[in-house]
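To keep things clear, I will list the structure first and then write my remarks on it.
Naming: A, B, ... by sequence-line order, numbering from 1 per chain.
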2 protein chains.
Amino acid sequence: MDTRQRLLDATRELLWQRGYAATSPNAIMKAARAGQGSLYHHFAGKEDLAAEALRGSAEQLREEAAAILDGEGSPAERIERYLTRERDSLRGCRIGRMTADADVLTSDRLRQPVSETLAWLVDRLAGLIADAQAAGELRADLDPRATASCVASTVQGGYVLARAAGSTEPFDQAITGAVQLLRGAMVG
Amino acid sequence: MDTRQRLLDATRELLWQRGYAATSPNAIMKAARAGQGSLYHHFAGKEDLAAEALRGSAEQLREEAAAILDGEGSPAERIERYLTRERDSLRGCRIGRMTADADVLTSDRLRQPVSETLAWLVDRLAGLIADAQAAGELRADLDPRATASCVASTVQGGYVLARAAGSTEPFDQAITGAVQLLRGAMVG
DNA sequence: GTCTATAACCGGATAGAC
DNA sequence: GTCTATCCGGTTATAGAC
């Protein structure tokens with residue numbers, strides 16, 4: 001693997017673990033086993049490197065989610081599979097995590113992959129919920145967008161509870177709660 | 001207001017806005033209009049000051065939540081009122097926010113108010129849900145703890161979506177979604 | 001209790017050699 | 001493409017005067 005890619009991979013990992021502000025070029029260089037010269041040769045600076053790393057993380061998240069959301073099974077089954085998919089809940093969401101970083105929110109280049117990815121996710125979930133309603137699986141009185149936002153929020157908020165507790169249990173409970181509520185809204 | 005209290009208030013505000021790692025003693029001093037001498041006279045250092053400030057934020061959050069959760073109305077009404085209570089969703093949760101800060105999670109003194117407060121919240125919500133079931137308001141097949149975790153996660157995750165989008169709308173949608181799902185689980 | 005001075009270190013970045 | 005040297009400013013804290 002070339003130096004440029006090692007720098008990107010190291011940055012993605014550190015952004016996930018520590019966020020943008022707390023990730024120094026120095027730490028990235030160490031993790032990537034690259035010198036300062038390499039970093040500033042391949043990238044204009046910290047923000048430039050982070051922006052490209054973040055775009056990669058966003059793409060990966062989308063691919064992983066799409067594999068389930070566009071996968072097999074009825075719409076309602078796919079929503080439930082999205083919720084119950086195995087997650088390393090103590091690590092949190094590599095994209096959602098960035099919303100706590102003020103520097104990310106004030107930089108258009110850093111914020112864009114975050115906002116676009118989460119907007120895409122809610123959109124896709126809302127589409128699936130509408131499909132489930134059209135197929136007669138889910139009660140028609142639910143607003144698809146509101147339900148989708150609630151599903152995505154349960155995952156994002158579950159990470160918060162799990163990290164606060166230092167335990168995966170609150171996350172699993174939150175997912176169970178969402179699944180139970182959704183099943184209660186199934187037709188039949 | 002005395003200098004010590006001004007330092008605590010300024011710290012609480014900055015912790016909310018920027019987190020622990022990104023908040024410097026210098027910024028606190030400026031916001032509190034206090035000198036370095038004052039800070040290190042009243043507190044042992046940054047962590048000591050932040051720990052006391054965080055305890056204050058936690059207490060305030062608990063008081064505000066308790067005013068609704070222990071307030072008037074039936075158990076189910078109070079849960080819904082907790083969800084729909086007005087919130088400055090772009091600011092996020094002053095306590096939940098801290099879970100994104102690695103330094104907070106690795107310090108027992110800083111982590112404790114965060115974990116205890118969120119655990120208390122989920123506990124209290126679970127109690128209310130059990131009460132609603134006992135009163136025949138809510139279907140008995142929901143697990144109280146799972147449902148409570150889902151409710152708390154919806155709020156915490158709603159903040160993430162709102163901050164990512166730079167708009168309060170995703171938060172409001174998530175709350176609406178949770179309310180609709182809960183209403184669907186009402187008896188009768 | 002509060003002030004100023006200073007220390008020791010780290011952050012992000014640039015310069016120029018190789 | 002990568003290296004080392006260097007710059008400037010900020011962070012966290014201590015020392016000692018007032």
Output the rounded distance in Å from [atom1] ([X]) to [atom2] ([N]).
X        : N      : atom1 : atom2 : answer
Met29(A) : dG1(D) : CE    : C1'   : 14 Å
Met1(A)  : dG1(D) : CE    : P     : 17 Å
Leu39(B) : dT4(C) : CG    : P     : 15 Å
Arg4(A)  : dT2(D) : CZ    : P     : 11 Å

Task: Residue pairs passing the ring-ring contact (aromatic ring centres under 6.0 Å, His included) test where at least one lies in residues 105-137 of chain A, sequence neighbours excluded - done: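 Every pair satisfying ring-ring contact (aromatic ring centres under 6.0 Å, His included) with a residue in residues 105-137 of chain A: there are none.
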Open item on the list: For DNA chain C, please output the secondary structure as dot-bracket, reading 5' to 3'. Pairs are Watson-Crick or G-U wobble, both atom distances under 3.5 Å; mark crossing pairs with [ ], other-strand partners with |, unpaired with a dot.
Closed with: ||||||||||.|||||||
Phosphate OP1/OP2 of [N]: any [X] side-chain N/O under 4.0 Å:
X        : N      : value
Thr3(A)  : dT2(D) : yes
Ser38(B) : dG1(C) : no
His41(A) : dC3(D) : no

In the hydrophobic cluster built from side-chain contacts under 4.5 Å, what are the other members alongside [X]?
X        : answer
Leu39(A) : Leu7(A), Leu8(A), Leu14(A), Ile28(A), Met29(A), Tyr40(A), Phe43(A), Leu49(A)
Trp16(A) : none
Leu90(A) : none

- [ ] Report, as yes or no, whether the 6.0 Å neighbourhood of atom CG on Asp108(A) holds more than 12 heavy atoms from other residues, nucleotides or ligands.
- [x]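 Atom CG in Asp108(A) is not packed in, count stays at 12 or less.
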For a quick test of your reading: what N or O donor-acceptor pairs under 3.5 Å do the side chains of residues 154-161 of chain A make, sequence neighbours left out?
residue	atom	partner	partner atom	Å
Thr154(A)	OG1	Cys150(A)	O	2.8
Tyr159(A)	OH	Arg87(A)	NE	3.4

Solution key, residues 178-186 of chain A side-chain donor-acceptor pairs under 3.5 Å, sequence neighbours excluded:
residue	atom	partner	partner atom	Å
Gln180(A)	OE1	Asp143(B)	N	2.8
Arg183(A)	NE	Glu80(A)	OE1	3.4
Arg183(A)	NE	Glu80(A)	OE2	3.4
Arg183(A)	NH2	Glu80(A)	OE2	2.4

Open item on the list: What does the B/S/- profile of nucleotides 4-18 of chain D look like, 5' to 3', with a 4.0 Å heavy-atom cutoff to protein?
Closed with: -B-----SSBB----
TODO: Using the test side-chain hydrogen bond (donor to acceptor under 3.5 Å, both in side chains), find all partners of Gln60(B) that sit at least two apart in sequence or belong to another chain.
DONE: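 Partners of Gln60(B) by the side-chain hydrogen bond (donor to acceptor under 3.5 Å, both in side chains) criterion, ordered by chain and then number, come out as Arg12(B), Glu64(B), Arg94(B).
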